[in-house]
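Take a look at the structure below.
Predicted model only: the values in this text are computed from it and were never measured.
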Amino acid sequence: MSKILIRGARILGGDPQDVLIDGETVAAVGTGLDAGDATVVEAGGQILLPGLVDLHTHLREPGREDSETVLTGTKAAAVGGFTAVHAMANTFPVADTAGVVEQVWRLGKESGYCDVQPIGAVTVGLEGRKLAELGAMHDSAAGVKVFSDDGKCVDDAVIMRRALEYVKAFDGVVAQHAQEPRLTEGAQMNEGVVSAELGLGGWPAVAEESIIARDVLLAAHVGSRVHICHLSTAGSVEIVRWAKSKGWNVTAEVTPHHLLLTDELVRSYNPVYKVNPPLRTEADVLALREALADGTIDCVATDHAPHPHEDKDCEWAAAAMGMVGLETALSVVQQTMVDTGLLDWAGVADRMSFRPAAIGRLDGHGRPVSAGEPANLTLVDPAYRGVVDPAGFASRSRNTPYEGRELPGRVTHTFLRGRATVVDGKLA
């Protein structure tokens, strides 16, 4: 592989330096490095981050290739600055066996745009009644470490306890979609003032918070690891903060859309704003930002949920829940966290690369930008401002809540083990 010299990049927002890539690794970091026969990328003071890692991506393949494929999803990831994604298990068939997770893992290898680490289902068919083949999925070529029924909650406390006990054998983690199903029957949006005014079924905060409270207690009881998916309420923040104060092995993620958007947008009845968990109140949004800044929430995860046009271009009640997010995640984090002064770029690297890689036990990602490390890198122009146009997305789906919004920042280059997957904002 050829050499690449990134000249004048601000690593994690620091002073400009040069970074020499030789093959798959970072060969040198310093000032005034000799380019020699290397291809030169003039960074001009752009921010250089370790490649971003997403703990929560829906790639839809196998079974819903009309929404997304591993190839199109990893292209979208690369455009967004990601070098690794964790693929959720709610495919058709469900990724609840070694065979299915290996299929997804191999499709990721073939795509070449980013690494794909499959997440295995906790229960057979996501039905919540019988544990899936957790050990077999871990022992497979995919080496699964994270298990989740995301899209559904593991609401049976005994099943959740057994899963937490099982994954201890290989330092695994159970990632919970916290939603008490009986409290959310017929739910269409956040339960509150807006839902009452619109007459839409409410999804109460307590439906999330009660499951999180139960699961952090279970994790502590059995001495295991639990990860909370797409945490969305101020009350959930307080429960996770309390659990961490006890020293329990609890981690949590927040999505970009829960850092920016509120349930007031549902007044438009535009199904692009329909998501699970739902958009919450302004008070919740501010609490989530503060919790991400102080480390109570460990990381940002996209919950990239592509849907075909017909599943969103319909009446609100019939619309599917979910939003695409890979290509806009970093821009939303810049707007809500960096431009507001809540995080610096080193903090962004921590919340979008270091910590998600550590939670997922993902080797080779979430590493420092220094000599000898894998050259998984993302170059960002923070001064860029642009209007979101989903027609230009690499994703197969277009269900973004940011269409027509101006967002800051743009990924100009992404490198996966020294190979450029994105150059000047375009897929290589």
Side-chain angles (χ1 to χ4, degrees), residues 1-6 9 11-12 19-29 38-41 43 46-57 59 61 68-87 104-118 141-143 299-302 304 325-327 329-330 348-349 352-358 360-381 393-395 410-428:
M1 296 177 69
S2 60
K3 296 180 180 180
I4 300 170
L5 180 68
I6 305 173
I11 300 172
L12 309 190
V19 176
L20 179 64
I21 300 171
D22 189 355
E24 296 187 355
T25 61
V26 175
V29 176
T39 300
V40 177
V41 174
Q46 292 182 41
I47 307 296
L48 187 64
L49 303 173
L52 306 184
V53 176
D54 190 19
L55 266 176
H56 195 139
T57 304
L59 295 179
E61 189 175 13
E68 194 78 282
T69 66
V70 173
L71 177 60
T72 60
T74 54
K75 285 181 175 180
V79 169
F82 292 89
T83 54
V85 299
H86 291 71
V104 174
W105 177 74
R106 290 196 172 94
L107 287 168
K109 290 285 187 186
E110 293 167 6
S111 84
Y113 283 93
C114 79
D115 287 346
V116 175
Q117 178 57 54
C299 63
V300 176
T302 70
H304 175 81
L326 286 168
E327 295 171 70
L330 188 56
V348 173
M352 297 189 75
S353 183
F354 299 143
R355 288 211 211 184
R361 300 297 194 263
L362 195 60
D363 294 336
H365 294 272
R367 302 295 304 163
V369 182
S370 58
E373 295 288 354
N376 296 315
L377 304 169
T378 299
L379 192 60
V380 185
D381 178 5
F393 280 2
S395 170
R410 181 179 73 125
V411 172
T412 60
H413 292 74
T414 307
F415 300 92
L416 178 64
R417 285 182 291 280
R419 182 175 58 83
T421 55
V422 172
V423 175
D424 294 328
K426 306 290 185 182
L427 287 166

Which pair of heavy atoms, one from Ile21 and one from Ala375, lies closest together, and at what distance? CG2-CB, 3.7 Å
Under the side-chain hydrogen bond (donor to acceptor under 3.5 Å, both in side chains) rule, collect the residues that match up with Ser395, sequence neighbours excluded. Glu68
Once salt bridge (charged side-chain N to carboxylate O under 4.0 Å, His left out) is applied, what residue pairs with a partner in residues 70-81 remain, sequence neighbours excluded? none
Just list the side-chain donor-acceptor pairs under 3.5 Å for residues 420-428, sequence neighbours left out, or say none.
residue	atom	partner	partner atom	Å
Thr421	OG1	Thr414	O	3.2

Side chain to side chain, Leu416 and Asn376, heavy atoms closer than 4.5 Å: yes
Tell me, please, which residues at least two apart from Ala371 pass side chain to side chain contact (heavy atoms under 4.5 Å, CB included). none
Qualifying residues under ring pair (Phe, Tyr, Trp, His ring centres under 6.0 Å), relative to His365, sequence neighbours excluded: none
Taking only residues two or more places apart in sequence or in another chain, which ones pass salt bridge (Lys or Arg N to Asp or Glu O under 4.0 Å) with Glu373? Arg367
Gly51 and Thr378 have their tightest heavy-atom pair at CA-OG1, 3.5 Å
Where is the tightest heavy-atom contact between Leu330 and Gly80, given as atom of each residue plus distance? CB-O, 4.4 Å
Go through it in stages, so that I can follow the logic: the residues are Arg417 and Asp115, the test is side-chain contact (heavy atoms from CB on, under 4.5 Å), and I'd like the CA-CA distance, side-chain angles, deciding distance and then a yes or no. CA-CA 10 Å; Arg417 285 182 291 280; Asp115 287 346; 2.7 Å; yes
If we only count heavy atoms from C-beta on, is the Pro368 to Ile11 side-chain gap below 4.5 Å? no
Could you report the tightest heavy-atom contact between Ala77 and Val85, atom names first, then the distance? CB-CG1, 3.8 Å
Heavy-atom distance under 4.5 Å between the side chains of Ile47 and Leu379, does that happen here? no
Residues which pass side chain to side chain contact (heavy atoms under 4.5 Å, CB included) with Thr74, listed by chain and number, not counting sequence neighbours: Val70, Ser111, Tyr113, Cys114, Val116
Verify, without hydrogens or angle tests, whether Arg361 (side chain) and Ala358 (backbone) share a donor-acceptor contact under 3.5 angstrom. yes
Close side-chain approach of Leu377 and Ile6, heavy atoms under 4.5 Å: yes
Residues in side-chain hydrogen bond (donor to acceptor under 3.5 Å, both in side chains) with Glu327, at least two apart? none
Going by side chain to side chain contact (heavy atoms under 4.5 Å, CB included), name the residues that satisfy it together with Ala141, two or more places apart in sequence or in a different chain. Glu102, Trp105, Arg106
Do you know which two heavy atoms are closest between Ala38 and Leu20, and how far apart they sit? CB-CD1, 4.1 Å
Could you check if a side-chain atom of Thr72 sits within less than 4.5 angstrom of a side-chain atom of Glu61, using non-hydrogen atoms only? no
Could you work out, with side-chain hydrogen bond (donor to acceptor under 3.5 Å, both in side chains) as the rule, every residue matching His86, not counting sequence neighbours? none
Heavy-atom distance under 4.5 Å between the side chains of Val380 and Gln46, does that happen here? no
Using the side-chain hydrogen bond (donor to acceptor under 3.5 Å, both in side chains) criterion, which residues pair with Asp54? Sequence neighbours excluded. Thr57, Thr302
